[in-house]
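To start, the structure under review is shown below, and the notes come after it.
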Amino acid sequence: MTVKMSAQSMGKKAESFILDWLSKRDKWTYVARFSDNYDANKGRWGKDKLVNVGRKPSDAIAILGGVTWFLEVKTTTNEKGLTSSLFKTQAGERDRIIKAGGHYAYLIYSVVRKRWYLINAYFLVPTDTWEELEEDGCWCTDFPEVPGLILN
């Protein structure tokens with residue numbers, strides 16, 4: 001039986017799945033999650049009281065290939081590619097981190113293609129198609145599909 005998920009539920013499931021997977025990937029990868037309001041009020045912390053944990057710069061901070069990245073995880077059902085609305089919520093934090101010399105990346109899961117795309121925010125083109133991202137080498141061939149995310 002397939003259960004229809006909201007966009008937020010899909011996103012949180014994909015985020016939890018990939019950050020957990022990355023944290024166990026190998027000894028050269030390190031991941032630390034930032035808890036957000038969803039975690040505090042609906043997710044991993046329970047539902048006892050309303051808590052505002054404040055704005056976070058991203059979903060996680062990770063060391064990948066010796067480089068420390070702020071990682072924002074997104075999920076999309078768009079069949080053509082990226083949309084600028086995917087990148088609005090953390091734009092201010094992202095821009096400040098990049099201006100300060102930090103590294104910021106988006107880890108985007110395409111439910112339609114069942115693939116992960118890792119995009120350096122410095123080179124982000126918010127209207128790239130999936131084909132353009134694959135030409136640029138942004139497709140993460142060794143990342144697993146997120147189980148249970150099905151388009152209805």
Side-chain angles (χ1 to χ4, degrees), residues 1-47 53 55-91 93-94 97-98 102-152:
M1 182 170 108
T2 305
V3 177
K4 189 168 183 173
M5 298 177 130
S6 68
Q8 184 180 32
S9 294
M10 260 193 215
K12 287 299 174 181
K13 181 173 181 156
E15 176 187 322
S16 290
F17 174 81
I18 200 61
L19 293 178
D20 290 344
W21 180 81
L22 278 172
S23 68
K24 298 171 189 164
R25 185 176 180 194
D26 56 42
K27 67 181 180 179
W28 300 281
T29 303
Y30 172 80
V31 177
R33 294 177 73 142
F34 292 115
S35 294
D36 59 14
N37 288 333
Y38 182 89
D39 294 327
N41 298 301
K42 297 178 186 171
R44 296 188 314 249
W45 295 4
K47 300 178 183 179
V53 297
R55 189 171 195 97
K56 303 297 180 222
S58 62
D59 292 317
I61 190 165
I63 301 172
L64 305 167
V67 178
T68 303
W69 293 90
F70 286 87
L71 282 180
E72 182 67 16
V73 181
K74 299 289 185 185
T75 302
T76 181
T77 58
N78 190 301
E79 293 185 13
K80 295 181 181 183
L82 303 178
T83 59
S84 58
S85 62
L86 276 174
F87 309 103
K88 288 183 180 179
T89 55
Q90 302 300 106
E93 297 295 320
R94 174 198 67 212
I97 289 166
I98 291 171
H103 300 282
Y104 200 100
Y106 289 93
L107 195 50
I108 300 173
Y109 187 69
S110 167
V111 177
V112 173
R113 291 180 167 242
K114 299 187 183 314
R115 295 181 184 167
W116 284 102
Y117 295 83
L118 182 63
I119 304 165
N120 182 337
Y122 188 79
F123 300 110
L124 175 67
V125 178
T127 56
D128 268 352
T129 64
W130 299 126
E131 290 77 17
E132 289 167 328
L133 289 170
E134 290 177 14
E135 287 171 12
D136 292 341
C138 295
W139 174 25
C140 301
T141 58
D142 61 337
F143 282 31
E145 288 182 26
V146 180
L149 294 189
I150 300 168
L151 280 177
N152 289 324

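Along the sequence shown, the residues carry numbers beginning at 1. Side chains included, hydrogens not; waters and symmetry mates left out as well; all remaining heavy atoms used.
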Intermediate values then yes/no, salt bridge (charged side-chain N to carboxylate O under 4.0 Å, His left out), Lys80 and Glu132:
CA-CA 10 Å; Lys80 295 181 181 183; Glu132 289 167 328; over 6 Å; no
Non-hydrogen side-chain atoms of [X] and [Y] separated by less than 4.5 Å:
| X | Y | value |
| --- | --- | --- |
| Trp69 | Ser58 | no |
| Asp128 | Phe123 | no |
| Leu107 | Leu22 | yes |

For [X], all residues meeting side-chain contact (heavy atoms from CB on, under 4.5 Å), sequence neighbours excluded:
| X | answer |
| --- | --- |
| Ser23 | Val31 |
| Ile63 | Tyr30, Thr68 |
| Thr83 | Asn78, Ser85, Leu86 |

Minimal non-hydrogen separation, Glu93 against Lys56, with atom names
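For Glu93 versus Lys56, the nearest heavy atoms are CG-O, 4.1 Å.
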Which label fits Phe34 and Phe70: parallel for a plane angle under 30°, tilted from 30 to 60°, or perpendicular past 60°?
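The arrangement is parallel - the two ring planes meet at less than 30°.
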Name all residues meeting the salt bridge (charged side-chain N to carboxylate O under 4.0 Å, His left out) criterion together with Arg115; count only those two or more places apart in sequence or in a different chain, and write none if there are none.
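In terms of salt bridge (charged side-chain N to carboxylate O under 4.0 Å, His left out), with neighbours along the sequence ignored, Arg115 is linked to Glu134.
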CD1-CD1 distance between Ile108 and Ile18, expressed to the nearest 0.5 angstrom:
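The CD1 atom of Ile18 is 13.0 Å from CD1 of Ile108, to the nearest 0.5 Å.
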Report the distance from atom CH2 of Trp116 to atom CD of Glu145, rounding to the nearest 0.5 Å.
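Rounded to the nearest 0.5 Å, the CH2-CD separation comes to 11.5 Å.
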Distance-only donor-acceptor hits, side chain of residues 135-142, under 3.5 Å, sequence neighbours excluded:
from, atom 1, to, atom 2, distance (Å)
Asp142, OD2, Arg25, NH2, 2.5

Side chain to side chain donor-acceptor pair (under 3.5 Å) against Tyr106, all qualifying residues, sequence neighbours excluded
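Arg94.
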With Ser84, which residues qualify under side chain to side chain donor-acceptor pair (under 3.5 Å), at least two apart?
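Checked Ser84 against side chain to side chain donor-acceptor pair (under 3.5 Å); zero matches.
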Working note: Phe87 + Leu82, criterion side-chain contact (heavy atoms from CB on, under 4.5 Å); need CA distance, chi angles, decisive distance, verdict.
CA-CA 9 Å; Phe87 309 103; Leu82 303 178; 4.0 Å; yes
Not counting sequence neighbours, list each pair that qualifies as a salt bridge (Lys or Arg N to Asp or Glu O under 4.0 Å) and has a residue in residues 63-74.
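Of all non-adjacent pairs touching residues 63-74, those that pass salt bridge (Lys or Arg N to Asp or Glu O under 4.0 Å) are Glu72-Lys74.
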